Amino acid sequence: MYKRLFIAIRINPTEEMLRRIYYLKKNLEHEKINWVPEDHMHITLKFLGNTRVDKIHLVNQAIQNIVSKRVGFNFE
């Protein structure tokens with residue numbers, strides 16, 4: 001069995017961001033866009049593709065190793 005994996009940064013949208021998103025959704029309703037629910041908003045850094053389920057723990061360990069050596073950040 002496979003799962004589609006990606007590395008992403010979760011976004012907690014502000015009220016202003018949500019207002020802008022609703023505006024975009026309304027004005028782009030005829031476009032072929034798959035909008036994610038607000039509680040699943042993220043920025044995809046890397047799409048890993050179909051990954052065997054038995055290998056996911058290895059991917060997770062490798063990512064945890066890398067991010068544990070990094071400093072957090074904020075963006076606006």
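Keep in mind it's a predicted model, so treat the numbers as computed, not measured.
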From the options Leu45, Val59, Val67, Ile43, select the one residue that forms a side chain to side chain contact (heavy atoms under 4.5 Å, CB included) with Ile7.
Leu45
Please give me the minimum heavy-atom distance between Trp35 and Leu28, naming the atom from each residue.
CZ2-CD1, 4.4 Å
Minimal heavy-atom distance between Leu5 and Phe47, with the atoms involved, is O-CD1, 3.5 Å
[X] vs [Y] side-chain heavy atoms within contact, under 4.5 Å:
X	Y	result
Phe6	Thr44	yes
Met41	Ile21	yes
Leu18	Tyr23	no

Quick one: pull up [atom1] in [X] and [atom2] in [Y] and give me the separation to the nearest 0.5 Å.
X	Y	atom1	atom2	answer
Ile63	Ile56	CD1	CD1	10.5 Å
Arg4	Asn50	CZ	CG	6.5 Å
Arg10	Asp39	CZ	CG	9.0 Å
Arg52	Leu58	CZ	CG	10.0 Å
Tyr22	Glu38	OH	CD	3.5 Å
Asn27	Glu29	CG	CD	8.0 Å

Under 3.5 Å, is there a donor-acceptor pair between the side chain of His42 and the main chain of His40?
yes
Does Gly49 offer a backbone N or O that forms a donor-acceptor pair with the side chain of Thr51 under 3.5 Å?
yes
What's the verdict on salt bridge (Lys or Arg N to Asp or Glu O under 4.0 Å) for Glu31 and Lys26, showing C-alpha distance, side-chain angles and the deciding distance?
CA-CA 10 Å; Glu31 299 296 326; Lys26 182 179 178 192; over 6 Å; no
Tell me if the NZ atom of Lys3 is crowded by more than 12 foreign heavy atoms within 6.0 Å.
no
Glu16/Arg20 salt bridge by N-O under 4.0 Å criterion:
yes
Worked verdict on Ile11 versus Met17 for side chain to side chain contact (heavy atoms under 4.5 Å, CB included):
CA-CA 10 Å; Ile11 297 175; Met17 285 178 69; 3.7 Å; yes
Under the side-chain hydrogen bond (donor to acceptor under 3.5 Å, both in side chains) test, which residues partner Glu15, sequence neighbours left out?
none
